[in-house]
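This one's a predicted model, so the numbers in the text were calculated from it and none came from an experiment. To find a chain, count down the sequence lines: A is the first, B the second, and so on, and within it residues start at 1.
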Amino acid sequence: MKLPDGWSPRTLAGVRTKLLNWFDKNQRDLPWRRTVNGARDAYQVWISEVMLQQTTVAAVVPYFERFLAAFPDVRALAAADEQRVLKLWEGLGYYRRARHLHAAAKLLVAAHNGDLPDDPDVWAPLPGVGRYILGAVLSQAFDRPLPIVEANSLRVLARLFAYPGDPREGEGKVWVWAAAETVLPAKRAGDFNQSLMELGALICTPAAPACDRCPVRDNCEAKRLGRQDQIPPKKKQPAITEVAEVGVVIRDGANVLLCQRPADAGRWQNMWEIPHALRMEGEDVSAAAVRVARELTGFDVEPGAEIRTVRHGVTRYAITLVCVGSVLRGGAFAAGHYANAKWVAPRELGDYPVSSPQRKLMTALADPNHQPRLF
DNA sequence: AAACCGGGGGA
DNA sequence: TCCCCAGGTTT
């Protein structure tokens, strides 16, 4: 990466020092930053990094504490039942992260006796480990000089060097990784990486950055140009697509059907969708869901309808059929797929991991006064 | 390159 | 409401 005009190696060294000093003084007290003999525990760093993907620090803290209490080390995690791992993840979202974490823990115990080695080649092939997690864990736990790029550091670097394009796309991605590598010091790489993220979280915020409190304000090219509000450009928001989610309860006497899709169900992850073609002319969406569920299962089906909007790039389906107690998106389950289904008493449903929207739906459906909203 | 995964918090 | 968040995987 080419440094802006007027930047010497000395300028760069000054930036590094200022950021590290600022971090030493201003870092937040977070549970995964606890150290033992000056070193961070690789397992704790790893867990925190995975939980923090696309998730705010405030949301993660209580989950991290619970998770660590249940699974204090990689051996405990590897030995755990997947359902218990998912249950502790319930409400965090992106459940595939938990499955990958669990699978990776098993691999590490099988292949490395449960050690978390200071070796990128061991980490790189693990499920759920990309370039960011790799750099974050190895730099923080072992002080390896590996760069990181995530939402915060991307913003800080784009502003510091006034990158004119979008650092999230195309050659911008290449540039921002090169920039992260260029600014990284040989020593204290972990603290330096964290300083970029911490600065992005506390000072160099997406809107209204607090430049007057920034330790590198005198070096920031975006500030010099007065363009800190335009750099980096805002992410394009995908169109809002309305998705109808229809909840149904499938009953056999006192029990309800609980289905969980096998983790390896692959392309069938959306198999509970009711294709438009299955809906009869003029039929309500909710009526179609009940009819199809009844035909698929042959059991009693109670209707319950909810609707919510979701923000996805393109969501083509219009009807989602939800079996009570069934869904962990990105890894769950579907009505009509019985490989992993069982009948359970309604009060036992709480023992199973379910995503929050499904939990809400289940609660509503369990309420005798609930009036399904039909559409 | 684009789509997918989810929920919470702040402005 | 809208925007954002310690990304990775799949197609």
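- Contact annotation: the side chain of Leu199(A) never approaches that of Phe23(A) to less than 4.5 Å [non-hydrogen atoms, C-beta and beyond].
- Atom P of dA6(C) sits at a distance of 14 Å from the matching atom of dA11(B), rounded to the whole Å.
- Look at OH on Tyr63(A): it is 17 Å from P on dA6(C), rounded to the nearest Å.
- Leu86(A) has its CG atom 14 Å from the C1' atom of dC5(B), to the nearest Å.
- Cation-pi geometry between Arg66(A) and Tyr63(A) is satisfied (NZ or CZ under 6.0 Å from the ring centre, within 45° of the ring normal).
- Contacts between residues 132-164 of chain A and DNA chain C, defined by a heavy-atom separation below 4.0 Å, involve Tyr132(A), Ile133(A), Glu150(A), Ala151(A), Asn152(A), Arg155(A), listed by number.
- In this structure, Asp229(A) atom CG and dC3(C) atom P are separated by 16 Å, rounded to whole Å.
- The distance between atom CZ of Arg131(A) and atom P of dG8(C), rounded to the nearest whole Å, is 11 Å.
- Asp191(A) has its CG atom 18 Å from the P atom of dA6(C), to the nearest Å.
- Counting non-hydrogen atoms under 4.0 angstrom, Trp32(A) reaches a base of the nucleic acid.
- Side-chain atoms of Arg144(A) come within 3.5 Å of backbone N or O of Asp118(A) as a donor-acceptor pair.
- In this structure, of dC5(C), dA6(C), dC5(B), it is dC5(C) that holds the atom nearest to the side chain of Pro206(A).
- Of the charged side-chain nitrogens involved, none lies within less than 4.0 Å of a carboxylate oxygen, so that Arg97(A) and Glu49(A) do not count as a salt-bridged pair.
- Between the CZ atom of Arg28(A) and the C1' atom of dA6(C) there is a distance of 10 Å, rounded to whole Å.
- Separating the C1' atom of dG9(B) from that of dG8(C) is a span of 23 Å, rounded to the nearest Å.
- When rounded to the nearest whole Å, the span between CZ of Arg97(A) and P of dC4(B) equals 18 Å.
- Although no hydrogens or angles enter the test, the distance criterion places no donor-acceptor pair under 3.5 Å between the side chain of Arg217(A) and the main chain of Cys211(A).
- In terms of position on DNA chain B, the residue among Leu92(A) and Glu171(A) whose nearest nucleotide sits closer to the 5' end is Glu171(A).
- Across the interface with DNA chain C, nearest-nucleotide mapping of Arg168(A) and Gln53(A) shows Arg168(A) to be the residue nearer the 5′ end.
- Among the atoms of the strands shown, none is found under 4.0 Å from any heavy atom of Val50(A).
- Nearest nucleotide to the Lys234(A) side chain, out of dC4(C), dG7(C), dA6(C): dC4(C).
- Nearest approach of Ala208(A) to Asp229(A), heavy atoms of both residues: N-OD1, 4.2 Å.
- The distance between atom OH of Tyr95(A) and atom C1' of dT9(C), rounded to the nearest whole Å, is 18 Å.
- In terms of modelled atom types and a separation under 3.5 Å, the side chain of Glu150(A) and the main chain of Ser153(A) share a donor-acceptor contact.
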